[in-house]
**Q** 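Before I ask anything, let me first share the structure, which is written out below as C-alpha cells.
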Number of protein chains: 2
Amino acid sequence: MLSNTQFSMAVHLMCALAWNEGKLIGSQDLAHSVGTNPSFLRGLISVLREAGLVDTRQGKGGGSTLARPAGTITLLDVYRALETSQPLKVHRPDCGSDCIVARRMKNLLHDLNEKLEDTLAIELKQTTVADLVTEYIT
Amino acid sequence: MLSNTQFSMAVHLMCALAWNEGKLIGSQDLAHSVGTNPSFLRGLISVLREAGLVDTRQGKGGGSTLARPAGTITLLDVYRALETSQPLKVHRPDCGSDCIVARRMKNLLHDLNEKLEDTLAIELKQTTVADLVTEYIT
DNA sequence: TCGTCTGTCACCGTTTTGGTAACAGTTAGG
DNA sequence: CCTAACTGTTACCAAAACGGTGACAGACGA
C-alpha cells in the first residue's frame with residue numbers, strides 16, 4: 001500500500017483542517033501539529049489541492065482550508081490523492097523463464113493487486129474526515 | 001502494508017513449490033524462477049520455514065517443499081509470516097503539542113491501522129496457494 | 001571422504017524517504 | 001506603492017530501507 005508516511009500525515013492534516021473548518025490555517029501551524037516542517041508539508045498540501053480536497057490562499061494571511069465539507073471527504077479520497085503505486089510492491093519474475101510458474105506470475109500478481117485495491121477502497125470509503133473528528137477529537 | 005517485494009516473491013515461491021508439490025526444489029532453481037539470487041532467496045525461505053509453511057532439507061539433494069498441503073495454506077498465512085509492521089506507516093505527530101488534533105492522532109491512526117489490518121486479513125484468508133495454482137498455472 | 005546443498009552473516013550500491021534552505025510569486029494592509 | 005507575511009516550487013542532503021552478492025560453516029547423501 002503506502003510505503004511512506006504521507007497518508008498518515010495527510011489524514012492528520014485533513015483532520016486539523018476539519019477541526020478548524022472555515023478558517024485559513026498557515027503551513028507553519030499545520031507543520032507544528034503534524035510534526036514536520038512547513039516546506040515539506042506545503043508539498044503535501046499541493047498534492048491534496050490538486051486532488052480538489054484543499055483550498056489554499058497565498059499572500060499575507062494566507063493558508064489552507066478544506067475545499068469541501070468534511071462530511072463529504074472520505075479516506076478513499078485522501079488515499080487516491082496520494083496513490084502512486086498499487087498496494088503490493090511486485091518483484092520482477094522472470095517472464096521469459098522456462099518455468100511456467102514464472103510466466104504466469106505477472107498476471108497472478110496483477111489480479112491480486114486489483115483485488116486488494118478494491119477491498120481497501122470499500123473500507124476507506126466508509127469513513128469521512130468528519131467521522132474521524134467526531135469520534136476522536138473531543 | 002508491505003513496502004517491499006517480499007510478499008510478492010513469497011507468493012511466487014509458494015506457487016512454485018505447490019506446482020512441484022512433493023518434490024524438493026533447490027534454492028538455485030527457485031531463485032531462477034523468482035528472478036533473484038539463491039542466497040537472498042534462502043533468507044526468505046528461512047522466514048517461511050520458521051512460520052511452518054515450508055520444510056527444507058540440507059545437504060546434497062536438499063531443497064524446499066511445502067510443509068502442508070497447498071490447499072491449507074492461505075495468503076494470510078504468507079502475509080503473517082512476513083509481517084513486520086502494520087499496513088500504514090505512521091508519522092510522528094507531536095503528542096505533546098497544544099493542538100488537540102495532534103494529541104488524539106496516535107489513537108486515531110492506531111485504530112485505523114487495526115481496521116485495515118482486519119480488512120486485509122479477511123480478504124487474504126479467502127485464497128489458498130492451491131487456488132492460485134489451479135486458477136493461474138495451467 | 002567428497003561433492004552438493006542449506007543457513008547465516010557481513011558488506012555494498014542504489015533507491016526511497018523525509019528534512020531543510022532558498023527564493024520567486026502572491027496578497028493584505030498601511 | 002511598499003512592506004510584511006505567506007505560499008509554491010526547486011534543489012540538495014543525510015539517513016534508512018532495499019535488494020544483491022560473496023563467503024563460509026554446517027549438514028547430508030553417495
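A note on names: the letters A, B, ... follow the listed sequences, proteins ahead of strands, and every chain is numbered from 1.
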**Q** C:dC5 P sits how many Å from B:Leu24 CG, rounded?
**A** 12 Å
**Q** To the nearest Å, how far apart are A:Arg49 CZ and D:dT7 P?
**A** 11 Å
**Q** A:Asp94 CG to D:dG20 P: how many Å, rounded?
**A** 13 Å
**Q** Measure CZ/A:Arg57 against C1'/D:dG8 and give the value in whole Å, please.
**A** 17 Å
**Q** Using heavy atoms to find the nearest nucleotide of DNA chain D for B:Phe40 and A:Arg42 separately, return the residue whose nucleotide is more 5′.
**A** A:Arg42
**Q** Whole Å only: how far is the CD atom of A:Gln6 from the P atom of C:dG18?
**A** 6 Å
**Q** What distance separates A:Arg57 CZ from A:Leu24 CG, expressed to the nearest 0.5 Å?
**A** 5.0 Å
**Q** As a test of reading the structure: which of C:dG7, D:dG8, C:dA28 is closest to the side chain of A:Lys60, going by heavy atoms?
**A** C:dA28
**Q** Using distance alone, with no hydrogens and no angle criterion, decide if A:Asp131 and A:Thr128 have a side-chain donor and acceptor under 3.5 Å apart.
**A** yes
**Q** Distance check needed: C:dT16 P versus B:Lys89 NZ, whole Å only.
**A** 12 Å
**Q** When all nucleic acid strands are considered with a 4.0 Å heavy-atom cut-off, which category describes B:Thr36: base, sugar-phosphate, or nothing?
**A** sugar-phosphate
**Q** To the nearest Å, give me how far apart NE2 (A:His91) and P (D:dG20) are.
**A** 10 Å
**Q** Can you tell me if A:Gln6 uses its side chain to pair, donor with acceptor, with the backbone of A:Leu82 under 3.5 Å?
**A** no
**Q** With a non-hydrogen cut-off below 4.0 angstrom, is A:Gly59 in contact with a base, only sugar-phosphate, or nothing?
**A** base
**Q** We want to know whether B:Arg104 and A:Thr138 form a side-chain donor-acceptor pair, criterion being a heavy-atom distance below 3.5 angstrom.
**A** yes
**Q** Could you state the CD-C1' distance from A:Gln28 to C:dG19, rounded to the nearest angstrom?
**A** 15 Å
**Q** Using OP1 and OP2 only, check whether a side-chain N or O of A:Ser27 sits under 4.0 Å from D:dC6.
**A** no
**Q** Do any side-chain nitrogens or oxygens of B:Ser39 fall under 4.0 Å of OP1 or OP2 in D:dG22?
**A** no
**Q** Looking at C:dT17, does its base get a donor-acceptor pair with the side chain of A:Thr5 below 3.5 Å?
**A** no
**Q** Quick one: which of C:dT20, C:dA28, D:dC18 gets closest to the side chain of B:Asn4?
**A** D:dC18
**Q** If you find the nucleotide of DNA chain C closest to A:Gly61 and the one closest to B:Ile25, which residue's nucleotide is nearer the 5' end?
**A** B:Ile25
**Q** Can you see if the side chain of B:Ser3 gets near the phosphate of D:dC18 - specifically, an N or O under 4.0 Å from OP1 or OP2?
**A** yes
**Q** Does anything in residues 10-60 of chain A form a ring-ring contact (aromatic ring centres under 6.0 Å, His included)? List the pairs, not counting sequence neighbours.
**A** A:His12-B:His91
